[in-house]
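Read through the structure below, which is laid out as structure tokens, and then see the notes.
Side chains included, hydrogens not; waters and symmetry mates left out as well; all remaining heavy atoms used.
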Amino acid sequence: MKPTFKEKVLQVVRRIPRGKVLTYKEVAKAAGGHRAYRAVGNILNANHDKKIPCHRVIRSSGAAGGYNMGAGEKIKILRREGIKVKI
DNA sequence: CGTATGACGTGCA
DNA sequence: GTGCACGCCATAC
């Protein structure tokens, strides 16, 4: 089987344990494209699966980035996980 | 196949 | 430290 970049990204994000966060760059690298962080955001944006803790993927700047449910919700969830994100 | 889009990253002022 | 512009890749049409 030839999993596409999208499938790999979703798989990686789905493996993120609670209390841990990865940057889009890290996810992209884990998916096989250390330069496809753009596509990672696109994929997560198109994939609103609850089984995928996409809220655990933040920017390298320390900001939460965006979220399908709303950036505010993402920050709220991360804070609940014990992770602080830049406003 | 080519163009347009996007939850980004890095560099420079 | 903050803000702006450019560059990057994958997906959708």
Report yes or no: do A:Ile58 and A:Val13 belong to one cluster of Ile/Leu/Val/Met/Phe/Trp/Tyr joined by side chain heavy-atom distances under 4.5 Å?
no
For A:Ala36, answer base if it contacts any base atom (sugar-phosphate contacts may also be present), sugar-phosphate if it contacts only those atoms, and nothing otherwise; contact means non-hydrogen atoms under 4.0 Å.
sugar-phosphate
Have a look at A:Tyr67 and say if it touches a base, only the backbone sugar-phosphate, or nothing, with a 4.0 Å heavy-atom cut-off.
base
Which two nucleotides bound the region of DNA chain B that has atoms under 4.0 Å from heavy atoms of chain A, read 5' to 3'?
B:dT5 to B:dT10
A:Val57 side chain reached by A:Ile16 side chain, heavy atoms, under 4.5 Å:
yes
If two hydrophobic side chains count as joined below 4.5 Å and joins carry through other members, does A:Ile77 share a cluster with A:Ile83?
no
Walk me through whether A:Glu73 and A:Lys76 qualify under salt bridge (charged side-chain N to carboxylate O under 4.0 Å, His left out).
CA-CA 5 Å; A:Glu73 272 300 300; A:Lys76 199 162 139 187; 3.8 Å; yes
Taking for each residue the nucleotide of DNA chain C with the nearest heavy atom, is it A:Lys86 or A:Glu7 whose nucleotide lies nearer the 5' end?
A:Lys86
By side-chain hydrogen bond (donor to acceptor under 3.5 Å, both in side chains) - contacts of A:Tyr37 (at least two apart)
none
Between A:Leu10 and the options A:Asp49, A:Thr4, A:Val27, A:Leu44, the side chain to side chain contact (heavy atoms under 4.5 Å, CB included) test singles out A:Leu44
Residue-level proximity of residues 40-65 of chain A to DNA chain C when a heavy atom falls under 4.0 Å:
A:Asn42
Base, sugar-phosphate, or nothing for A:Lys6, non-hydrogen atoms under 4.0 angstrom?
sugar-phosphate
A:Leu22, A:Ile43: one ILVMFWY side-chain cluster at the under-4.5 Å cut-off?
yes
Whole Å only: how far is the CZ atom of A:Arg38 from the P atom of C:dA12?
17 Å
How far does CG of A:Asn47 sit from CD of A:Glu7, to the nearest 0.5 angstrom?
8.5 Å
